[in-house]
**Student:** 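Below is one structure. I have some questions about it.
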Amino acid sequence: MELIVSEKYNAAERIAGILSKDSATREQVSGVTVFKWGGTYCMGLAGHVVEVDFPDEYNEWGSVSPASLIDAEVTKRASKPDIVAALNTLASEADRVVIATDYDREGELIGKEAYDLVRAVNDSAPVDRVRFSSLTGPEVRNAFEDPDEIDFDLAAAGEARQRIDLRWGASLTRFLTLASNQRGDGFVSVGRVQTPTLKLLVDREREIENFDPDDYWEIYADLGRTDEDDSFEAQYFYLNDQENEAERLWDEDAATAVYGDVDDASEATVERVDDRTRTDNPPIPFNTTEFIKAANAIGYDAKPAMNVAEDLYDDGYVTYPRTDNTVYPDDLDPRALLETLSEASPFEADAEALLDQESISPTAGETETTDHPPIHPTEDVPKKKALKGREWEIYELIVRRFFATLADAATWRKLRVDVDVAGHSLKANGSRLVKPGYHAVYPYYDTEETTIPAVTEGDALQIVESRLDEKQTRPPNRYGQSKLVEKMESLGLGTKSTRHNTIEKLYDRDYVTGNPPEPTELARKVVSATEEYGAHVASAEMTAQLEDDMTAIADGGTTLDEVTRSSREMLEDVFEDLQGARDEIGELLRTEIDESDSVGDCPECGEPLLPRQANSGSRFVGCNGYPDCEFTLPLPNKGRPHVLDELCDDHGLHHVKMIAGSKTFVFGCPRCQQRDAADTDDRVIGDCPECHASEGGELAIKRVHSGSRLVGCTRYPDCDYSLPLPRDGELEVTDDVCDDHDLPAVVIHQEDSSPWQLGCPICNYENYKS
DNA sequence: GCAAGGTC
């Protein structure tokens, strides 16, 4: 039996289809769907199915020093047990195995991991490697006709990255977390990619804060021939020391002097008219970064944009969305694809217009890779109704980008008019789109025109109005998500598959808030601490050096052991500095965490109250003075607590929100909640329909630990009969008793709305269910 | 409870 192993399910399906001429059938092996034809099985992995980790005895953060991770053994364990089990089952029976993972470094490593799993159960079957850069018939058949071997050096390069990232990330994260006394999920996370990315944001924020604005002046005049309708705006300019044109005047006296002359004048003379055309070339094909950039421009954040693209890929409508490639492969036939799209609404007209062009020659970017093509639509075109609104919007963007890369260039007419006013020069620029070219099929760019009337040299124009604008230089903008992705790419931080996830991680770790992402106090402190004591991990240089080392390993110039050894020596040096400054670092991180996360002051000792998590997992608000002060307040266990700005009038404490995806809710003031929970304590309203007859259980209104309310049996947990109640609003139990269930009607009084007649809790629940 | 990289 022969076994083919690919990187993912979709690729396995395609390979099986191509090699079996669509005769392959599906089969379940250890709960995994695989493909079978003749004597061949083909299965897909899910990327890495094993992951690096330290042995179990290193799991205990409290009893193992972070520095001991520097020399700890790094092992591999199955992270996708069912897929590993399926691979084991098939590999043990195989006479030959073919590794068909993606054609890139990480694919080589994933293939080598599969090889190791195969060898563990089968030491004799030959293991070949095939490489193809697109999942098309000719490419795939060619690769299988001429198989190659696994490149163990290339895989070792990937393994070096895994080990170095784990050792640096885990040891430093534990060190900073323990030094700052963080518990629960409030850990202080550090890594080769996330920390330099965070530093980009923090550095920019520092620039913005330290920015010292300068005053400057600009002078404008509205010029016209006969009436104001015809007027256009011209701006004063001069040649500076470097003989370049400049518009900004830095000296107020000079500005006022020039403005005085312009304001006094009544006429301008046209000195020069420059009329030229400019070619506006169509954009390059979508790689992941270009796609995220374009999706950003129509309102999608990086991660949601990728999620939608991945869904479209899974449905077969677009090609693989994680790619660095900006050059269409030779086997893509744009004309054939256009013809398919020309039969699909609403693309008919645009596709046909492109087919009518004299020639169809796609644009190309600078990066050409071997793993996947640029993102483009497939031959399988969905109907608009078959997609959700967001999916269609992204799908249309991808289709139109494909169109744009095949379309002709646009042409702009650029008109520049220079005039003289009292010996000063002013200029006006007009632009008109004379040939829309690719803009006709790709309407996402700004094509606003500025018209200026036709004037000729020597014309005299009236000065309708003039202005002296006082302005100030402005700090740079924060990085938006797409700018950040671009910046990460240019620095080599992360990969096409991870950059959007890294940004998401910064939000999860409370390092950034808002959009564009703004670094929090904690983020600044973490960056400061790592810059000072663990410099290497805060700098993009670490990645650059790792890339060089990986290239050397792949080329055989050095070895995995050599590279990881010298990396460990560096990490040891970092830890020598860190250990000496442990208290300082702890103090630095702790004070800031207190300020940004504090619920308020402890009523018993005045220290800050902080959201905490006990070792049991239960959440509470605890006093920073612990163990000297043991004051606590309960919190729900569902979700992560987030301290809001809003303050409680009664207790002066901040309201707390519990972040739990779609179940996110505002818990409110923890002290009020504790008081209300005590007030509503088990008000009995009737008999339990489940167990009153046999055990005497009664129904009572309860507020449970999570903060929500319910009607439940007093014999809980022996009887778990319960009925839901709304979380918010004051509860009134009326004298109105339900004939069917012998329970009183309940009314909910909410602020800003009329009372909600809930009625008998059982009737209410039955209505709600139906 | 740690990283980054795959993919779902």
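Protein chains get the first letters and strands the later ones, always in sequence-line order, with residue 1 at the start of each. Because the structure is a prediction, the values reported are computed rather than measured.
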**Student:** Is a salt bridge present between A:D104 and A:K496, judged by a nitrogen-to-oxygen distance below 4.0 Å?
**Tutor:**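 Yes.
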
**Student:** Name the closest nucleotide to the A:R161 side chain, picking from B:dG5, B:dC8, B:dA3.
**Tutor:**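 Closest nucleotide to the A:R161 side chain: B:dG5.
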
**Student:** Contact class for A:E7 (heavy atom, under 4.0 Å): base, sugar-phosphate, or nothing?
**Tutor:** sugar-phosphate

**Student:** Would you mind telling me which residue lines up with the more 5' stretch of DNA chain B, A:T498 or A:W61, judged by nearest nucleotide?
**Tutor:**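 In this pair, the answer is A:W61.
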
**Student:** Where the side chain of A:I110 is defined as all heavy atoms beyond and including C-beta, which of B:dG6, B:dA3, B:dT7 is the nearest nucleotide?
**Tutor:**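 Minimum distance to the A:I110 side chain belongs to B:dG6.
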
**Student:** Consider the side chain of A:S189, meaning its heavy atoms from C-beta on, and name the nucleotide among B:dC2, B:dG5, B:dG6 that approaches it most closely.
**Tutor:**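 Side chain of A:S189 sits closest to B:dC2.
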
**Student:** Consider the side chain of A:N501, meaning its heavy atoms from C-beta on, and name the nucleotide among B:dT7, B:dC2, B:dG6 that approaches it most closely.
**Tutor:**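 Output: B:dT7.
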
**Student:** Taking A:T564 as the fixed residue, which of A:E569, A:R167, A:R163, A:E159 is the one that meets the side chain to side chain contact (heavy atoms under 4.5 Å, CB included) rule?
**Tutor:**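 For A:T564, the side chain to side chain contact (heavy atoms under 4.5 Å, CB included) check succeeds only for A:R163.
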
**Student:** Tell me which nucleotide among B:dA3, B:dA4, B:dG6 gets nearest to the side chain of A:E106.
**Tutor:**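 Of the candidates, B:dG6 comes closest.
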
**Student:** Cation over ring, A:K8 on A:Y320, under 6.0 Å and within 45°?
**Tutor:**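 Yes, A:K8 sits over the ring of A:Y320.
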
**Student:** On DNA chain B, does the nearest nucleotide to A:L166 precede the nearest nucleotide to A:I83 from the 5' side, or the other way round? Give the residue.
**Tutor:**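 This one resolves to A:L166.
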
**Student:** When you get a sec, tell me which of B:dA4, B:dC2, B:dT7 is the closest nucleotide to the side chain of A:Y320?
**Tutor:** B:dT7

**Student:** Pick base, sugar-phosphate or nothing for A:R167, based on heavy-atom distances below 4.0 Å to the nucleic acid.
**Tutor:**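 No contact.
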
**Student:** Please classify the nucleic acid contact of A:Y58 as base, sugar-phosphate, or nothing, using heavy-atom distances under 4.0 Å.
**Tutor:**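 The residue A:Y58 makes no contact with any strand.
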
**Student:** May I ask you to say whether A:R129 pairs ionically with A:D148, meaning some side-chain N is under 4.0 Å from a carboxylate O?
**Tutor:** no

**Student:** Taking the six-membered ring for Trp, does A:W168 stack with B:dA3 (centroid gap under 5.5 Å, planes within less than 30°)?
**Tutor:** no

**Student:** Under 4.0 Å between any heavy atoms, over every strand shown, what does A:V52 touch: base, sugar-phosphate, or nothing? Just pick one.
**Tutor:**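 Answer is base: heavy atoms of A:V52 come under 4.0 Å of a base.
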
**Student:** Would you say the side chain of A:D314 and the base of B:dC8 hold a donor-acceptor pair, judged only by whether the two atoms sit under 3.5 Å apart?
**Tutor:** no

**Student:** Could you measure the distance from the OG1 atom of A:T498 to the CD atom of A:Q194? Nearest 0.5 Å is fine.
**Tutor:** 11.5 Å

